[in-house]
Amino acid sequence: MNKYKDNFFKLSLQNLVLLGLVIAIKLCLSSVAIGPAFFKIGLAFLGSVALGYLFGPVWGGLGGLVSSLLHLIIFGDKANVLLGTMLSAILVPMIYGFIWLFLL
């Protein structure tokens with residue numbers, strides 16, 4: 001039985017702390033890129049996958065929103081102000097969460 005089907009919206013204190021740690025890891029990975037200047041491969045999607053896998057679509061989407069807002073505050077990236085960028089930061093962990101929800 002999947003743990004998200006019973007308690008879809010509940011989150012314990014330990015899971016909330018883990019959510020904060022995964023958001024911090026996602027922020028650290030968003031500044032890491034591999035490759036030359038004209039072709040960079042970012043690693044921020046690994047944080048989105050972890051958010052979706054560990055917390056499901058609801059809390060994963062909320063974690064994506066929080067990480068996008070923190071990225072805007074810390075790094076000052078003006079691209080995160082755009083609605084499409086903010087929406088994709090929410091939807092990507094939600095999509096991963098729904099995939100893991102229905103596969104497990």
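Along the sequence shown, the residues carry numbers beginning at 1. Values reported hereafter were calculated over all heavy atoms of this structure, with side chains retained and with hydrogens, waters and symmetry mates removed.
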Can any side-chain N or O of S67 pair as donor or acceptor with the backbone N or O of G63 at less than 3.5 Å? yes
Value rounded to 0.5 Å, distance of OG1 in T85 from NE2 in H71: 11.0 Å
Mind checking whether I99 and I90 sit in one hydrophobic cluster, side chains of I, L, V, M, F, W, Y counted as touching below 4.5 Å? no
Counting C-beta onward and ignoring hydrogens, is there a side-chain heavy-atom pair between F75 and S30 closer than 4.5 Å? yes
Does L69 reach the side chain of M86, with side-chain heavy atoms less than 4.5 Å apart? yes
Any idea which heavy atoms bring V22 and A50 closest together, and the distance? CG1-CB, 4.0 Å
Spacing of K26 atom NZ and L70 atom CG [to the nearest 0.5 Å]: 10.5 Å
CG/L91 to OG/S48 distance, rounded to the nearest 0.5 angstrom? 11.0 Å
Distance check, rounded to the nearest 0.5 Å: L16 atom CG versus L21 atom CG? 10.0 Å
Should V92 and F45 count as side-chain neighbours, where that means a heavy-atom distance under 4.5 Å? no
Are any side-chain N or O atoms of S68 and backbone N or O atoms of L65, one a donor and one an acceptor, separated by less than 3.5 Å? no
Do F55 and N15 touch side chain to side chain, with heavy atoms closer than 4.5 Å? yes
Could you report the tightest heavy-atom contact between P93 and G61, atom names first, then the distance? CB-N, 4.2 Å
Hey, quick one: are V17 and V66 part of the same hydrophobic cluster, counting side-chain heavy atoms closer than 4.5 Å, chains of contacts allowed? no
What I'd like to find out is whether the side chain of L51 reaches to under 4.5 Å of the side chain of L19, using heavy atoms alone. yes
Treating Ile, Leu, Val, Met, Phe, Trp and Tyr as nodes and any side-chain heavy-atom pair under 4.5 angstrom as an edge, say whether W59 and I95 lie in one connected cluster. no
Side chains of I34 and K40: closer than 4.5 Å at any heavy-atom pair? no
Distance check, rounded to the nearest 0.5 Å: L18 atom CG versus I23 atom CD1? 10.0 Å
